[in-house]
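These notes are about the structure you will find just below.
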There are 2 protein chains.
Amino acid sequence: MKKRVTIQDLAKELNTTPSTISRALKNHPAISKSMKKKVVDLAKERNYQINALAAGLRIGKSKTIGVIVPRINRDFFSNVIAGVEDMAFENGYNVVICQTHDKVAKERQHLNTLISSGVSGILVSVGLETNNFDHFDEVKRLGIPLIFFDRVAEQSDVNKIQNNDKAGAYKAVVHLIDNGYKRIAHFAGPDYLNVYKDRKEGYLDALRDYNIEIEEELIIESDLKVESGRVSMKQLIELPNPPDAVFSASDYSALGALLYLDEMGIDVPNQIGVVGYSNENFTALISPSLTSVNQHGMEIGRYAAKVFFEEINDQQKSLIPRTIVLDPELIIRASSVRK
Amino acid sequence: MKKRVTIQDLAKELNTTPSTISRALKNHPAISKSMKKKVVDLAKERNYQINALAAGLRIGKSKTIGVIVPRINRDFFSNVIAGVEDMAFENGYNVVICQTHDKVAKERQHLNTLISSGVSGILVSVGLETNNFDHFDEVKRLGIPLIFFDRVAEQSDVNKIQNNDKAGAYKAVVHLIDNGYKRIAHFAGPDYLNVYKDRKEGYLDALRDYNIEIEEELIIESDLKVESGRVSMKQLIELPNPPDAVFSASDYSALGALLYLDEMGIDVPNQIGVVGYSNENFTALISPSLTSVNQHGMEIGRYAAKVFFEEINDQQKSLIPRTIVLDPELIIRASSVRK
DNA sequence: CAAAAAAAAACAAACGATTGCATAAAAATA
DNA sequence: TATTTTTATGCAATCGTTTGTTTTTTTTTG
């Protein structure tokens, strides 16, 4: 059990000073080629690892990006994280992943820890519970770049990377109409979350544009979990005049619908068409496979990281907060195309 | 944009010294009750956040546990992480999550970063590619507690938290036998990973114990992805004498098998029974639902963290490396019970 | 070849929290 | 009241890097 080798160990061994070692390792112009080579070689030989705590303390922050998401086991979020990791790696930064399980308290806690550990920036998708954004004030006050993605804060003076959920929903519903479905129901999420509000609006817009009557009884709000999808589907097919398609704001509730329809022996897509949202992995794996809306998680992550790097590279701090909106893509599968 | 408040700011304001502030905040016995109250109150008022970099540098490490997993979007791993997070939080530690995407290079990189950032311990499940464990030597040399879980290193002198994969596989196969299946195939993973080797052995043991002949042509090794499951299943049913059941070492390849069988119009479970492994979320959601083996990810995470805390609390460093083995549980669903 | 200019390396002071040791203040004892 | 003991606080060094400034060495130039 040996102590870790430091910059001073290397300095001693080469009869020079820590400052020279430090600069040599950073390829500083004031260091001669020959010295650089000696230093780099020795560092490799001794397996030198920079002490990030010391470096971070000195320069006031660490080369780290904090990412806060509701849960890491959703395909969308894990794709976002992968995107952030890519960009971070390219720029020599590390990523700290935090999950809140949709709890505000956890969100607060992670935020404090990230501040405390001197992250250079914070990317966050807020939890279902979060409807107050005071805890983000401290981050902004300290001048730490803050970027929201997907589920964003209702504040104007922050950077946001969003999906055009309205457009995604619109595409999905138009696709159903194009495939001959006439009465299209909607599984909606809580209205106070931007993503669900927008998806519902996209649905309504599509119906209006195609002169289809909007029927309130075909719009069911829930928590969009599998079980809710099942319950909602049951409710729908027991109507005197049931719908012939469902556009669900979540793949999970769409799955619930599929399971219920299967149990009832109702044929999907021929009797009822179903479209989900988020393009979770399982949508391609089930039978019938589920048409869904791909939100390009990876891209969102890359954009969020990109905005972060732009922020820190801007010396004048003159950047005004931006909102970037990405267009989602409809992935057509078996559940919505009549045979 | 204000500077963050430090311990010296607080000291100045209370006409005392940083050392007193530091001790007061840590509830050190040498500080008077009155002083503690003043300090704690002011710290709260000024929203003081400890500078983890400075503290970490001073004491030589940070109150952080690093967790390295192949991927965070697997239910098993995200459960493990949740378990670790629980225990860490209870003990005032933070968790840094790293994913390798099964690449050794990433494993190395994360390991270096964790060392560099002074984590107090490292919990790791190695990637599919990893068959050499040299990169962990440095961790041990530095005396950083290292705990392997699930996919563990073939070294004897490290802590390990494992599933009894052999027992899990045995249970699964016996369950198939009990349900009247006679010729049971196996989708195996690479032999150099302990988990897959053990699952195969459990399979073989069960066949032996029940006097069922082992047929090499019924054992197919692959990367256990969905597509491989499909291909392997095709291969099996094209045999002159195809099997009537499959025990897959992964839920994903089991799913591939189910999809192929569905396409072929072969009835599961009546014609062919299928059992998977890991109890991924989707196993309960597909039709027919997939019998699988639950590995208690949460518990594994908690145990791994527990072993870590025991390590750091042991002053004499007298602890000998331990191996903890948990018994997995068979979750019986539709895919393996004839109607 | 001496003086000036350029290049390379050394010096030293941070960054903020922690902690062993010294000291001051308060309390207890003689 | 003087002295010892206890309790509370202050002092100062330290962790390993970074970086502005100074010094030394080398190179260039008249």
Side-chain angles (χ1 to χ4, degrees), chain A residues 2-40 42-43 46-64 92 113 115-120 142, chain B residues 2-40 42-43 46-64 92 112-113 115-120 142-143:
Chain A
K2 236 170 63 185
K3 277 208 62 181
R4 60 218 309 160
V5 19
T6 72
I7 235 172
Q8 6 243 0
D9 298 333
L10 302 183
K12 208 163 290 170
E13 219 172 322
L14 292 178
N15 268 313
T16 179
T17 57
S19 49
T20 301
I21 302 289
S22 174
R23 287 194 248 251
L25 290 172
K26 302 213 128 50
N27 202 24
H28 190 286
I31 304 294
S32 65
K33 276 216 152 58
S34 61
M35 179 60 98
K36 275 180 192 164
K37 182 161 167 37
K38 280 201 290 180
V39 172
V40 170
L42 185 68
R46 294 276 172 278
N47 196 17
Y48 166 77
Q49 294 287 132
I50 193 173
N51 183 326
L53 295 167
L57 172 60
R58 177 59 231 255
I59 60 175
K61 60 186 161 202
S62 66
K63 283 192 122 187
T64 301
T113 307
I115 292 173
S116 181
S117 65
V119 293
S120 296
L142 292 170
Chain B
K2 238 170 61 184
K3 276 209 62 182
R4 60 215 311 157
V5 15
T6 72
I7 235 174
Q8 4 249 352
D9 297 333
L10 301 182
K12 209 163 289 171
E13 221 174 318
L14 291 177
N15 266 314
T16 179
T17 58
S19 47
T20 300
I21 302 290
S22 174
R23 287 194 250 251
L25 290 172
K26 301 214 129 49
N27 202 25
H28 191 284
I31 304 294
S32 65
K33 275 219 154 55
S34 62
M35 179 59 99
K36 274 179 192 164
K37 184 165 166 33
K38 279 200 291 180
V39 171
V40 170
L42 184 68
R46 294 276 173 279
N47 195 19
Y48 167 76
Q49 296 285 132
I50 193 173
N51 183 326
L53 295 168
L57 173 59
R58 178 58 230 255
I59 61 176
K61 60 185 159 205
S62 65
K63 283 192 121 187
T64 301
N112 284 340
T113 308
I115 291 173
S116 178
S117 66
V119 293
S120 296
L142 292 170

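Here is how names work: the chains are called A, B, and so on, in the same order as the sequence lines, proteins then strands, and each is numbered from 1.
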May I ask you to verify if any side-chain N or O of B:T20 is less than 4.0 angstrom from the OP1 or OP2 atom of D:dG10?
yes
Decide yes or no for A:I7 and A:Y48: does some side-chain heavy atom of the first lie under 4.5 Å from some side-chain heavy atom of the second?
yes
Would you mind reading off the distance between A:I7 atom CD1 and C:dA10 atom C1', rounded to a whole angstrom?
14 Å
Euclidean distance, atom CG of residue A:N51 to atom P of D:dC15 [Å, nearest integer]
12 Å
Counting only side-chain N and O atoms of B:Y48, is one of them less than 4.0 Å from OP1 or OP2 of C:dA17?
yes
Report yes or no: does A:S22 contribute a side-chain atom to a donor-acceptor pair with the main-chain N or O of A:P18 at less than 3.5 Å?
no
Would you indicate what A:L57 reaches in the nucleic acid, counting non-hydrogen atoms under 4.0 angstrom: base, sugar-phosphate, or nothing?
base
Nearest heavy atoms of B:M35 and B:T20, plus distance in Å:
CG-CG2, 3.9 Å
I need the NZ-C1' distance between B:K3 and C:dC15, as an integer number of Å.
8 Å
Base, sugar-phosphate alone, or nothing: which one does A:S19 contact when heavy atoms must sit under 4.0 Å apart?
base
With side chain to side chain contact (heavy atoms under 4.5 Å, CB included) as the test, would you mind laying out the steps for B:K26 and B:I50 before giving the verdict?
CA-CA 11 Å; B:K26 301 214 129 49; B:I50 193 173; 4.2 Å; yes
For A:I21 and D:dT19, give me the distance from atom CD1 to atom P, rounded to whole Å.
16 Å
List in numerical order all residues of residues 24-39 of chain B for which some heavy atom is under 4.0 Å away from an atom belonging to DNA chain C.
B:K26
Could you list by number each residue of residues 8-17 of chain B showing a heavy-atom separation from DNA chain D of less than 4.0 Å, or answer none if no residue does?
B:N15, B:T16, B:T17
Side-chain heavy atoms of B:R4 within contact of A:I115, under 4.5 Å:
yes
Could you go through A:V5 and A:N47, starting from their C-alpha distance and side-chain angles, then the distance that decides it, and tell me whether this counts as side chain to side chain contact (heavy atoms under 4.5 Å, CB included)?
CA-CA 8 Å; A:V5 19; A:N47 196 17; 5.7 Å; no
Evaluate A:E13 against A:L42 for side chain to side chain contact (heavy atoms under 4.5 Å, CB included), listing each step before the verdict.
CA-CA 9 Å; A:E13 219 172 322; A:L42 185 68; 3.7 Å; yes
Just wondering, are more than 12 heavy atoms of other shown residues or ligands nearer than 6.0 Å to NZ in A:K61?
no
Whole Å only: how far is the CZ atom of A:R23 from the P atom of C:dA9?
11 Å
Regarding B:I50, tell me which of base, sugar-phosphate or nothing describes its non-hydrogen contacts under 4.0 Å with the strands shown.
sugar-phosphate
Is a donor on one side and an acceptor on the other found under 3.5 Å between the side chain of A:K63 and the backbone of A:A52?
no
